[in-house]
*Asks:* 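Quick one: the structure is below, and I'll ask about it shortly.
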There are 2 protein chains.
Amino acid sequence: MTPDLDTLFQALADPTRRAILERLSRGPASVSDLARPFDMSLPAVVQHLAVLEAAGVVASEKVGRVRTCRIEPGGLSRAEQWIHERRAAWEQRLDRLGGYLAAHPDMPEEPK
Amino acid sequence: MTPDLDTLFQALADPTRRAILERLSRGPASVSDLARPFDMSLPAVVQHLAVLEAAGVVASEKVGRVRTCRIEPGGLSRAEQWIHERRAAWEQRLDRLGGYLAAHPDMPEEPK
DNA sequence: CCTTCACTTAAGTCGTCACTTAAGTATCAG
DNA sequence: CTGATACTTAAGTGACGACTTAAGTGAAGG
């Protein structure tokens with residue numbers, strides 16, 4: 001059940017959620033620990049955590065009455081990979097174009 | 001006026017917009033060219049393009065009555081960089097933890 | 001037991017997002 | 001000039017997202 005890119009990018013498109021990820025990348029934390037820095041209610045933070053879990057970037061486990069959250073390693077790799085592929089594709093294309101223009105110095109624009 | 005990560009990730013969190021980027025990574029195209037493959041009205045596609053422009057990942061220029069859109073190189077780099085930094089941070093942390101556990105084989109959990 | 005603590009569930013509000021249709025405004029072709 | 005083309009502007013709708021408050025559940029501590 002690897003989540004789709006929609007869910008993944010959507011999860012990253014919020015500053016609170018990115019801040020949570022940054023906090024978690026320095027080690028696991030409880031829900032209240034994660035909520036403390038933010039100026040919002042605890043349920044709100046829990047909802048953000050749910051989004052991050054649905055996106056497959058964090059995992060959590062409840063022991064006693066405290067839920068501990070940690071990074072899900074590799075959860076971001078699909079996003080990273082998509083971006084990398086796109087960038088590779090058009091950089092390669094620009095390189096080809098650059099070479100073409102270098103070889104035919106007085107062409108007006110974009111070859112067919 | 002580099003756009004923030006919110007805008008950038010938000011722009012990527014939609015399949016139509018990612019499809020437009022994939023199309024554009026194979027070369028520039030007019031608005032109608034971009035709209036053709038999609039089962040939605042032209043104004044809708046134009047709105048998606050506006051989001052992509054605001055996010056700094058595409059640029060467009062109008063000549064006569066046709067607007068030609070192209071990739072804005074480097075527009076994705078901020079997103080790519082953020083993901084990369086986070087991944088680096090927690091992988092490094094996991095490595096340290098792994099080393100620690102290897103050196104002290106019978107520790108219960110997570111060092112303080 | 002009886003609180004307190006750490007969440008969890010539920011419900012509701014308000015704004016934003018992804019569309020739509022309808023009616024413009026410039027080109028450009030004949 | 002006339003009409004078709006290629007958008008552009010405007011306005012509206014329905015769903016979803018980011019919160020809120022209020023009330024519940026279940027483990028721990030005294």
Side-chain angles (χ1 to χ4, degrees), chain A residues 3-24 27-70 79 108-110, chain B residues 3-24 27-70 79 108-110:
Chain A
D4 53 28
L5 286 174
D6 282 37
T7 317
L8 191 41
F9 282 125
Q10 186 66 44
L12 298 178
D14 181 286
T16 305
R17 272 171 333 236
R18 285 197 310 277
I20 290 177
L21 280 184
E22 290 180 19
R23 167 62 187 79
L24 286 179
S30 75
V31 170
S32 348
D33 281 353
L34 290 173
R36 203 174 332 276
F38 299 107
D39 185 22
M40 74 180 67
S41 69
L42 189 136
V45 172
V46 174
Q47 282 171 25
H48 282 301
L49 282 169
V51 172
L52 290 169
E53 285 207 47
V57 288
V58 321
S60 72
E61 191 194 1
K62 193 162 184 175
V63 169
R65 60 184 170 179
V66 48
R67 174 172 299 277
T68 303
C69 307
R70 69 185 72 255
E109 262 300 319
E110 299 282 342
Chain B
D4 53 26
L5 285 173
D6 282 36
T7 316
L8 191 41
F9 281 125
Q10 184 67 41
L12 297 178
D14 181 284
T16 304
R17 277 181 314 247
R18 286 197 308 277
I20 290 177
L21 279 184
E22 290 180 19
R23 167 63 188 79
L24 286 180
S30 75
V31 170
S32 349
D33 281 353
L34 290 173
R36 205 177 326 280
F38 300 107
D39 186 21
M40 74 180 66
S41 68
L42 190 135
V45 172
V46 174
Q47 282 170 25
H48 282 301
L49 283 169
V51 172
L52 290 169
E53 285 207 47
V57 288
V58 322
S60 72
E61 191 194 1
K62 193 161 184 175
V63 169
R65 59 184 172 180
V66 47
R67 173 172 300 277
T68 303
C69 308
R70 70 187 70 253
E109 262 298 320
E110 298 284 341

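Reckoned from all heavy atoms, side chains included, excluding hydrogens, waters and symmetry mates. Residue numbers begin at 1 in each chain, while the letters A, B, ... track the order of the sequences.
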*Asks:* Rounded to whole angstrom units, what separation is found between the CZ atom of F38(B) and the C1' atom of dC19(C)?
*Replies:* 14 Å
*Asks:* Determine whether H48(B) and F38(B) make a side-chain contact, defined as any pair of heavy atoms from C-beta on separated by less than 4.5 Å.
*Replies:* no
*Asks:* How many whole angstroms separate atom CG of L49(A) from atom P of dA6(C)?
*Replies:* 16 Å
*Asks:* Can you tell me whether the side chain of R65(B) and the base of dC7(D) have a donor-acceptor pair closer than 3.5 Å?
*Replies:* no
*Asks:* At under 4.0 Å, does any side-chain N or O of S41(A) touch on OP1 or OP2 of dC19(D)?
*Replies:* no
*Asks:* Quick one: on DNA chain D, does D33(B) or D14(A) contact a more 5' nucleotide (nearest heavy atom)?
*Replies:* D33(B)
*Asks:* Quick one: M40(B) CE to dC7(D) C1', roughly how many Å, whole number?
*Replies:* 17 Å
*Asks:* In whole Å, what is the span from the CG atom of L12(A) to the P atom of dG17(D)?
*Replies:* 15 Å
*Asks:* So if I take every side-chain heavy atom of P43(A) and compare against dT20(C), dA6(C), dT20(D), which nucleotide ends up nearest?
*Replies:* dT20(D)
*Asks:* Does R67(B) put a side-chain nitrogen or oxygen below 4.0 Å from OP1 or OP2 of dT8(D)?
*Replies:* yes
*Asks:* Look at the side-chain N and O atoms of S30(A) and state whether any lies under 4.0 Å from the OP1 or OP2 oxygen of dA6(C).
*Replies:* no
*Asks:* When you match Q10(A) and L42(A) each to their closest nucleotide on DNA chain D, which lands nearer the 5' end?
*Replies:* Q10(A)
*Asks:* Does K62(A) or Q47(A) map to a spot on DNA chain C nearer the 5' end, using the closest nucleotide for each?
*Replies:* K62(A)
*Asks:* What pair of heavy atoms forms the shortest contact from R18(B) to D6(A), and how long is it?
*Replies:* NH2-OD1, 2.7 Å
*Asks:* Which whole-number value in Å describes the distance from E61(B) CD to dA6(D) C1'?
*Replies:* 16 Å
*Asks:* Quick one: are L21(A) and L12(A) in side-chain contact, heavy atoms under 4.5 Å?
*Replies:* yes
*Asks:* With rounding to the nearest 0.5 angstrom, report the CD1 to CG distance, I20(B) to L49(B).
*Replies:* 4.5 Å
*Asks:* Say whether, by atom type as modelled, one donor and one acceptor occur between the side chain of R17(A) and the main chain of A11(A) under 3.5 angstrom.
*Replies:* yes
*Asks:* If only side-chain N and O atoms of H48(B) are considered, is one of them under 4.0 Å from the OP1 or OP2 phosphate oxygen of dC19(C)?
*Replies:* yes
*Asks:* Rounded off to whole Å, could you give me the CD1-to-P distance for the I20(A) and dA18(D) pair?
*Replies:* 11 Å
